Number of protein chains: 2
Amino acid sequence: MDKVFRALADPGRRRLLDRLHEENGQTLAQLCAPLAMSRQAVTKHLAILEEANLVVAVRKGREKRHYLNPVPIHDIAERWIHKFEQGRLRALADLKKKLEGEADG
Amino acid sequence: MDKVFRALADPGRRRLLDRLHEENGQTLAQLCAPLAMSRQAVTKHLAILEEANLVVAVRKGREKRHYLNPVPIHDIAERWIHKFEQGRLRALADLKKKLEGEADG
DNA sequence: TTGACATGCAACCGTTTGGTTGCATAATCG
DNA sequence: CGATTATGCAACCAAACGGTTGCATGTCAA
């Protein structure tokens with residue numbers, strides 16, 4: 001779970017996930033192409049995404065195809081985001097109350 | 001959006017959000033208490049959470065009460081997670097197919 | 001006013017991060 | 001075979017991160 005959050009912390013890596021979401025199974029070279037970053041930098045980002053299990057790579061000859069794994073994102077939504085969505089309106093009410101200069105706490 | 005992802009990348013900060021979710025409006029001292037970390041470290045984490053607008057602080061005399069703002073988390077769920085939840089089953093199918101050693105790509 | 005409590009600010013420090021460059025390896029093509 | 005393509009590995013580097021310590025400020029209470 002922590003690895004997933006950390007992996008998502010970098011905009012470049014989120015961009016890579018977006019790209020794979022648009023077109024799954026891309027190679028390293030394909031992913032690098034429009035990214036204003038060296039191939040090796042992208043390699044490292046992909047390694048971090050793989051480490052977090054957000055991306056699964058499959059070698060095919062001299063190419064390496066990258067596939068999006070949606071499970072960790074789903075898990076975060078379920079186990080973490082969901083919790084905060086529950087009390088959401090209450091929290092917003094708390095907040096608004098305080099920000100409106102409520103005298104007493 | 002980037003600030004939110006970055007803020008969520010640290011387990012200590014997620015912990016702080018969890019604590020505020022359990023009990024909203026806690027002071028710095030209250031939040032530090034069980035955290036095996038110096039008060040100043042917590043201050044920095046809270047500053048990052050405030051910067052990301054995940055926490056809103058209100059001074060009350062010599063105390064500073066911290067309130068959870070659920071909006072950025074909601075936004076991430078809406079604008080980012082949701083997208084991946086859409087194609088989720090398809091992506092999983094793609095992945096499974098490849099991992100099962102599908103000959104042709 | 002004095003003391004204690006709650007927080008703020010700033011300097012410093014080791015480690016991690018995100019990136020680079022250079023070279024090595026492996027697979028396809030002619 | 002040799003050239004080209006696709007990727008891997010390693011060393012290096014500046015900047016950001018997460019944390020510390022020391023001191024300053026502001027507020028409540030006796």
Side-chain angles (χ1 to χ4, degrees), chain A residues 1-20 23-67 98 101 103-105, chain B residues 1-20 23-52 54-68 98 101 103-105:
Chain A
M1 194 96 149
D2 186 51
K3 281 183 179 176
V4 180
F5 274 110
R6 285 209 119 87
L8 293 180
D10 185 85
R13 289 194 287 269
R14 291 197 303 277
R15 189 86 205 287
L16 284 170
L17 293 179
D18 287 341
R19 304 267 321 282
L20 287 179
E23 186 186 340
N24 217 350
Q26 295 187 68
T27 67
L28 172 59
Q30 283 179 297
L31 288 168
C32 292
L35 272 192
M37 205 190 311
S38 75
R39 174 178 57 82
Q40 290 81 349
V42 176
T43 299
K44 285 193 186 179
H45 284 306
L46 286 171
I48 290 171
L49 290 170
E50 287 182 51
E51 189 67 24
N53 203 29
L54 283 159
V55 163
V56 175
V58 178
R59 283 215 76 143
K60 181 90 192 270
R62 65 178 163 179
E63 292 185 339
K64 191 176 174 186
R65 304 269 175 85
H66 298 83
Y67 292 89
K98 283 298 161 188
D104 191 290
Chain B
M1 193 96 147
D2 186 51
K3 282 184 179 175
V4 180
F5 274 110
R6 282 211 121 85
L8 294 180
D10 185 84
R13 288 193 288 267
R14 291 198 301 277
R15 187 96 200 284
L16 284 170
L17 292 179
D18 287 340
R19 307 267 318 285
L20 287 179
E23 187 186 340
N24 217 350
Q26 293 187 69
T27 67
L28 173 58
Q30 282 178 297
L31 288 168
C32 293
L35 273 193
M37 205 191 312
S38 75
R39 173 178 58 80
Q40 290 79 351
V42 177
T43 300
K44 284 194 185 179
H45 284 305
L46 286 172
I48 290 171
L49 291 170
E50 287 182 52
E51 189 67 23
L54 282 159
V55 163
V56 176
V58 179
R59 285 214 74 140
K60 180 89 191 267
R62 63 178 164 180
E63 291 184 339
K64 190 177 177 185
R65 304 268 174 85
H66 297 83
Y67 292 88
L68 188 61
K98 284 296 160 190
D104 192 292

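Convention: sequence-line order gives letters A, B, ...; per-chain numbering from 1. In this text, all values refer to a predicted model and were calculated from it rather than measured experimentally.
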A.B. asks: Without decimals, in angstroms, what is the distance between A:Asp10 CG and C:dT16 C1'?
C.D. replies: 13 Å

A.B. asks: In this structure, how many angstroms lie between the P atom of C:dT17 and the CZ atom of A:Phe5, rounded?
C.D. replies: 17 Å

A.B. asks: Compare side-chain N and O positions of B:Lys64 against OP1 and OP2 of C:dG8 and report whether any pair is under 4.0 Å apart.
C.D. replies: yes

A.B. asks: Rounded to whole angstroms, how far apart are CG on B:Leu46 and P on C:dG8?
C.D. replies: 9 Å

A.B. asks: Are any of A:Arg6's side-chain N or O atoms less than 4.0 Å away from OP1 or OP2 of C:dT16?
C.D. replies: no

A.B. asks: With sugar-phosphate meaning primed atoms plus P, OP1 and OP2, does B:Arg39 contact a base, only sugar-phosphate, or nothing at under 4.0 Å between heavy atoms?
C.D. replies: base

A.B. asks: For B:Arg19, is the CZ atom crowded, meaning more than 12 foreign heavy atoms sit under 6.0 Å from it?
C.D. replies: yes

A.B. asks: Using atom CD of B:Gln30 as one end and atom C1' of C:dC5 as the other, report the distance to the nearest whole Å.
C.D. replies: 14 Å

A.B. asks: On the side chain of B:Gln40, is there an atom forming a donor-acceptor pair with the base of D:dG18 - under 3.5 Å, no angle test?
C.D. replies: no

A.B. asks: Whole Å only: how far is the CD atom of A:Glu63 from the C1' atom of C:dC29?
C.D. replies: 14 Å

A.B. asks: Just the rounded figure in Å: distance from P of D:dT7 to NZ of A:Lys44.
C.D. replies: 18 Å

A.B. asks: On the side chain of B:Arg62, is there an atom forming a donor-acceptor pair with the base of C:dT7 - under 3.5 Å, no angle test?
C.D. replies: no

A.B. asks: How close or far is atom P of C:dG19 from atom CD1 of A:Ile48, stated in whole angstroms?
C.D. replies: 9 Å

A.B. asks: Assign B:Ala29 to base, sugar-phosphate, or nothing according to its heavy-atom contacts below 4.0 angstrom with the strands shown.
C.D. replies: sugar-phosphate

A.B. asks: Of A:Met37 and B:Thr43, whose nearest nucleotide on DNA chain C comes first from the 5' end?
C.D. replies: B:Thr43

A.B. asks: May I have the distance from A:Arg59 (atom CZ) to C:dT28 (atom C1'), rounded to whole angstrom?
C.D. replies: 13 Å

